[in-house]
Amino acid sequence: MKPRTRVNHPPQTPLPAGNRALVAPIYQSVKFELDDLQQTERVWSGRADGYHYSREANPTVADLELLLAELQGRDACVAVGTGLAAVAVTLIALVSQGDHVLGFVETYPPTRRLLARTLARFGVGHTLLSIEDRAGIERALAARPVQLVWFESPTNPVLKVADIGHLTASARRHGALTVLDNTLAGLEAHAAFQVDLFVHSLTKYASGHGDVMGGAVIGSSELVQKVRTQALALGQTLDPHAAFLVQRGLRTYHLRRAAQCDSAARIAAFLAADRRVVRVRYPGLAQDPGHALARTQMPDFGSIISVDLAGAAEQSRIFADSLELFAIAASLGSTESLIVPPQLQQPRGLTLEQGGWSCITPTTARLSIGIEDPDDLQADLSAALDAAFR
Ligand SMILES: Cc1ncc(COP(=O)(O)O)c(C=O)c1O
C-alpha cells in the first residue's frame with residue numbers, strides 16, 4: 001500500500017480482551033462499517049443492532065443518553081444539539097394540527113415564541129396563563145380539549161415554583177400530556193411526579209463549564225422514541241465530541257451543584273437583609289412564596305436568584321456594571337457567576353396583563369451563582385450595591 005493510501009486506511013489497535021479505557025473513547029466518526037453486506041443490510045434496515053451513521057446514532061451520544069435517563073429516573077433519553085432543539089423536537093413530536101397547548105407566561109421566552117410563531121403557523125393553538133393561577137388552569141383544561149401542558153419549575157427569571165402534583169393530576173384528568181422543562185431544577189429533580197417528559201438544556205448545569213451546548217428529552221421509551229423519530233427527521237443530533245464534554249461535566253455535577261446551591265442560599269439571605277434590595281426571589285428563603293412547595297418538591301433550591309433593587313433601572317445598571325466577578329452574560333448554571341440585568345430581560349411577546357402576571361419588573365435582575373468562593377461573591381455584590389446607591 002502506498003503512503004497516500006495508507007494514511008486513509010490507517011492501522012487500528014484493538015485493546016486486548018479485558019482491557020478498557022477508564023474514560024470511554026469519543027467515537028468521533030460519522031460512519032461505521034460492518035463485516036459484510038448482509039450484516040450492513042440488517043443494521044441499516046433496523047433488523048439488527050449496530051451503528052452506521054452518526055446522525056442516526058453514535059455510541060458516545062448513546063452513553064450520555066443512558067446516564068441522563070438513569071439520573072432522571074426514566075427509561076429513555078434522546079440527546080440533541082441544544083436545549084432549545086430539545087424543546088422544539090418535543091413540541092413537534094407531541095402536537096398536530098388542531099391541537100391546543102397550555103403554556104405559561106413564565107415559560108422560557110424562545111419556547112413561547114415557538115408556540116406563538118412557529119406552531120401557530122401549523123394550526124396548533126395555545127393559551128398562556130400564570131403558573132400560579134390554579135383556578136385558571138382548571139378552567140382552561142375544562143373549557144376545551146388540551147393535548148399538552150408545558151411548564152417549568154422553578155421558572156426563569158423570577159423563580160416561581162409550580163405545583164407539579166396539581167398540574168400533572170389536572171392534566172391527566174383531562175387527557176393532556178405534561179412536559180416539564182427541568183433545566184433550572186437539575187438532572188434528578190421531580191422524578192417522583194407523573195410528568196410525561198422532562199426536557200433539559202445540557203448547556204447549563206449538566207456540562208457546567210460554559211463550553212458546550214446540548215439538550216435532552218427524557219421519559220418512557222415509547223414517548224422518547226416518538227421524539228427521537230422527529231429529531232432524526234429534522235436532523236437534530238448531538239455531536240459526539242459535545243456528548244463527551246457533557247459527560248465530563250457530569251462527573252462533577254453533584255459537587256458543583258451542591259457548592260452553587262450553598263453559595264446561592266447564603267447570597268440570597270445576604271441580599272434579602274439589605275435595605276437597598278426590595279425583593280429577592282429564591283425558593284430556599286423561608287419567606288419566599290414558593291418555599292413551602294419547593295421543600296416538598298425539590299432536592300435542592302438551585303443556584304439562581306432573582307433580585308429587585310430599590311430605586312430605578314439606573315441603579316440596576318450601575319450595580320451590574322460595577323460587579324467584577326459576575327459577568328453580564330446569557331446562560332446559567334456554569335462554574336462562573338453571571339448576571340442578567342433588567343435591561344436585558346423585560347418580557348416580550350406578552351400583553352400588558354400577561355407581563356404583570358410574569359412578575360418581571362423594570363428592576364428584576366437574575367443572578368446565576370457559580371463555584372467561586374462565596375466570600376468573594378458577597379463582597380463583590382456588596383461593593384456593587386454601594387456603587388449603585390452612592
Ligand atoms: C429553562 C430553559 N430551557 C431551555 C433553554 C434553552 O437551552 P439552550 O440555550 O441550550 O438552547 C434555556 C436556556 O437558557 C432555559 O433557561
Side-chain angles (χ1 to χ4, degrees), residues 61 64 68 72 77-92 101 103-115 118 128 131 149-162 164 178-187 189-190 195 197-218 227 231 234 236-239 242-243 245-246 249-250 253 257 260 281 283 290 298 302-306 327-334 336-341 344-345 347-349 358 360 364-370:
V61 178
L64 173 65
L68 291 171
Q72 186 64 88
C77 165
V78 54
V80 291
T82 64
L84 191 57
V87 172
V89 295
T90 304
L91 282 169
I92 287 167
V101 180
F104 299 94
V105 295
E106 296 88 351
T107 300
Y108 181 55
T111 305
R112 280 199 279 106
R113 276 198 288 278
L114 271 170
L115 290 172
T118 310
L128 289 184
I131 195 76
V149 178
W150 185 287
F151 69 107
E152 291 160 33
S153 185
T155 62
N156 183 5
V158 178
L159 287 307
K160 297 185 192 175
V161 181
I164 303 175
T178 46
V179 179
L180 169 50
D181 183 334
N182 228 6
T183 299
L184 266 68
L187 295 164
H190 305 140
V195 170
L197 284 173
F198 291 99
V199 164
H200 288 273
S201 165
L202 305 176
T203 314
K204 311 290 177 346
Y205 291 100
S207 59
H209 293 73
D211 52 7
V212 61
M213 303 196 83
V217 186
I218 304 170
V227 177
L234 294 168
Q236 285 292 348
T237 35
L238 185 64
D239 181 78
L245 286 174
V246 175
L250 283 172
Y253 166 73
R257 178 122 182 152
Q260 287 168 291
R281 290 293 302 259
M298 297 178 70
S303 69
I304 312 301
I305 302 170
S306 144
I328 300 174
S331 204
L332 52 91
S334 301
E336 72 285 312
S337 294
L338 306 170
I339 180 168
V340 180
L344 298 175
Q345 67 181 356
R348 275 182 292 176
S358 78
I360 301 174
T364 303
R366 185 190 77 190
L367 301 177
S368 173
I369 306 302

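Whatever order the structure lists ligands and atoms in, that order sets their numbers, starting from 1.
A distance-only check finds a donor-acceptor pair linking the side chain of Thr155 to the backbone of Lys160 [under 3.5 Å]. Between the side chain of Thr90 and the backbone N or O of Ala86, at least one donor-acceptor pair lies under 3.5 Å. A distance-only check finds a donor-acceptor pair linking the side chain of Ser153 to the backbone of Ala162 [under 3.5 Å].
Nearest protein heavy-atom contact of atom 10 (O) of ligand 1 is Thr203 OG1, 2.5 Å. Looking at atom 16 (O) of ligand 1, its nearest protein heavy atom turns out to be Asn156 ND2, 3.3 Å. The protein heavy atom nearest to atom 5 (C) of ligand 1 is Tyr108 CE2, 3.3 Å. Among protein heavy atoms, the minimum distance from atom 2 (C) of ligand 1 is reached at Asp181 OD2, 3.5 Å. When only non-hydrogen protein atoms are considered, atom 9 (O) of ligand 1 lies nearest to Lys204 NZ, 3.4 Å.
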- Between Val199 and Tyr108, is a side-chain contact (heavy atoms from CB on, under 4.5 Å) present by the stated rule, with each step listed? CA-CA 12 Å; Val199 164; Tyr108 181 55; over 6 Å; no
- Test Gln72 against Asn182 for side chain to side chain donor-acceptor pair (under 3.5 Å), laying out the working first. CA-CA 10 Å; Gln72 186 64 88; Asn182 228 6; 3.1 Å; yes
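Residue nearest to atom 7 (O) of ligand 1, selected from Ser201, Gly215, Pro154: Ser201 (by heavy-atom distance).
Considering backbone and side-chain atoms together, Met213 places no N or O closer than 3.5 Å to any N or O of ligand 1.
Contacts between Leu84 and ligand 1, counted as non-hydrogen atom pairs separated by less than 4.0 Å, involve both the backbone and the side chain.
Distances shorter than 4.0 angstrom do not occur between any heavy atom of His200 and any atom of ligand 1.
When the salt bridge (charged side-chain N to carboxylate O under 4.0 Å, His left out) test is applied to Lys204, no partner is found at least two apart in sequence or on another chain.
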